[in-house]
J.: 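My questions will all concern the structure given below.
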Amino acid sequence: MSRTKHRPQVSIICGSGLGMLADSLECQDQFSYSDIPGFPQSTVQGHAGRLVFGELKGKSCVCMQGRFHMYEGHSLLKTTFPIRVFKLMGVQTLIVTNAAGSVADHLHPGDIMIIKDHINFPGLVGLNPLHGPNDERFGPRFPAMSGCYNRELRSLAHEISKQLDIAGLVQEGVYAMVGGPNFETIAEARMLHRMGVDAVGMSTVPEVVVASHCGLQVFGLSLITNKVVKSYDDSDCVNHDGVLEVGRLRSQTVQQLVTEVISRMEINNNIDRMSNAV
Ligand SMILES: O=P(O)(O)O[C@@H]1C[C@H](O)[C@@H](CO)O1
């Protein structure tokens, strides 16, 4: 905290190919993850590995240009370490973005899905960042997860997408986290489809669980970068370069939507900063 004058209220995590979300921050202070004690390193292409502080539409923000994934070999505690750092800094809101494959037939590459809820597949089999002794300073032993994606922010995003004339691209849905790093088999994709999953990815959920546990309000967006293959007659094949390419093509639209949501969200100036700990 002593190396930046910014005291962020909003934190943003950039998904694969969405690192440009940090570019619109003004008066930036940037730190490479390798210079931050306790931070893991980003190893995935499209995740720069920088923490960027700055102002956006009068709000103080911190942006992770690059996130950590379980499949990189990080423990879930390490993967979500930045969220608790943000909480200690006084952040009130977490905005998560990701690249995801569409499972629902009505979602297409280039669409933006506002995350309404999630399915935590790793969590359901015991891989949860909240495993282990509970640190009561952050939150309760048994946190509720219903309503963890803030309803007001979701409805604000719909309103903004109408005003930006992108409502045709924006839908709401359920994101499921799988462990990765391989993409889904056809049988797995069909199972997800039957379960009511709209989009599938390899991140986000651990961050949201930890943010929700410590009382941050959460807003999440998935950029649909590909369709998951659900038919044995389909010769399509997803790859990471294609995922990054759709990220580049839609980067400006995602940036506009996130910027407007931040601009119009309410900030409680009576913040609960645990900053004497950082
Ligand atoms: O960090 P996100 O969830 O945006 O990254 C997605 C999932 C994998 O890391 C990668 C696959 O292309 O993109």
Side-chain angles (χ1 to χ4, degrees), residues 11-22 33 39-52 63-76 78-83 94-103 107-115 117-123 127 129 149 173-185 188-189 192 197-211 218-229 236-251 253-255 257-258:
S11 54
I12 307 156
I13 302 182
C14 304
S16 285
L18 294 170
M20 78 301 145
L21 284 172
Y33 291 163
F39 261 56
Q41 301 310 302
S42 283
T43 66
V44 183
Q45 199 199 341
H47 292 261
R50 254 193 314 262
L51 198 60
V52 183
C63 190
M64 285 180 72
Q65 254 185 340
R67 64 149 53 85
F68 311 118
H69 305 84
M70 191 176 82
Y71 66 72
E72 292 173 83
H74 306 302
S75 70
L76 286 173
K78 275 271 176 197
T79 302
T80 54
F81 175 71
I83 310 298
L94 174 69
I95 299 184
V96 278
T97 65
N98 60 55
S102 70
V103 177
L107 284 169
H108 303 283
D111 285 352
I112 296 170
M113 187 185 85
I114 297 171
I115 305 176
D117 202 353
H118 70 227
I119 298 179
N120 182 0
F121 277 107
L127 287 167
Y149 296 89
V174 174
Y175 174 91
M177 181 201 176
V178 294
N182 60 280
F183 292 104
E184 298 66 47
T185 65
E188 287 163 351
L192 295 171
V197 169
D198 295 304
V200 59
M202 306 174 194
S203 69
T204 303
V205 169
E207 297 149 2
V208 171
V209 167
V210 169
V218 174
F219 174 69
L221 287 181
S222 291
L223 173 64
I224 304 301
T225 51
N226 58 282
K227 276 190 157 294
V228 300
V229 179
D236 271 7
C237 195
V238 53
N239 64 70
H240 189 56
D241 287 340
V243 167
L244 295 180
E245 180 59 23
V246 177
R248 271 189 290 275
L249 289 174
R250 271 284 180 262
S251 58
T253 312
V254 175
Q255 193 168 13
L257 182 55
V258 170

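For ligands, and for the atoms within them, numbers begin at 1 and follow the listed sequence.
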J.: What I want to check is whether the side chains of H69 and T79 have a donor and an acceptor closer together than 3.5 Å.
T.: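 Side-chain D/A pair, H69 to T79: absent.
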J.: How far apart are the C-alpha atoms of I115 and T204, what are their side-chain angles, what is the distance that settles it, and do they pass the side chain to side chain contact (heavy atoms under 4.5 Å, CB included) test?
T.: CA-CA 10 Å; I115 305 176; T204 303; 4.3 Å; yes
J.: Over 60° means perpendicular and under 30° means parallel, so tell me whether F39 and F81 are parallel, tilted or perpendicular.
T.: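 Ring orientation, 0 to 90° scale: perpendicular.
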J.: Determine whether I112 and L223 make a side-chain contact, defined as any pair of heavy atoms from C-beta on separated by less than 4.5 Å.
T.: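 In contact.
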J.: For ligand 1, which of its N or O atoms have a protein N or O partner closer than 3.5 Å, and how long is each gap?
T.:
residue  : atom   : partner : partner atom : Å
ligand 1 : 1 (O)  : H47     : NE2          : 3.4
ligand 1 : 1 (O)  : R67     : NH1          : 2.9
ligand 1 : 1 (O)  : H69     : NE2          : 2.7
ligand 1 : 3 (O)  : S203    : OG           : 2.5
ligand 1 : 4 (O)  : S16     : N            : 2.8
ligand 1 : 4 (O)  : A99     : N            : 2.8
ligand 1 : 5 (O)  : S16     : OG           : 2.7
ligand 1 : 9 (O)  : H69     : NE2          : 3.3
ligand 1 : 9 (O)  : Y71     : OH           : 2.6
ligand 1 : 12 (O) : H240    : ND1          : 2.6
ligand 1 : 13 (O) : S16     : OG           : 2.9

J.: I'd like to check the side-chain hydrogen bond (donor to acceptor under 3.5 Å, both in side chains) partners of R250; sequence neighbours left out, ordered by chain and number.
T.: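 Once residues adjacent in sequence are excluded, R250 has no partner under the side-chain hydrogen bond (donor to acceptor under 3.5 Å, both in side chains) criterion.
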J.: Hey, does L94 have a side-chain heavy atom less than 4.5 Å from the side chain of V96?
T.: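 Yes, their side chains come closer than 4.5 Å.
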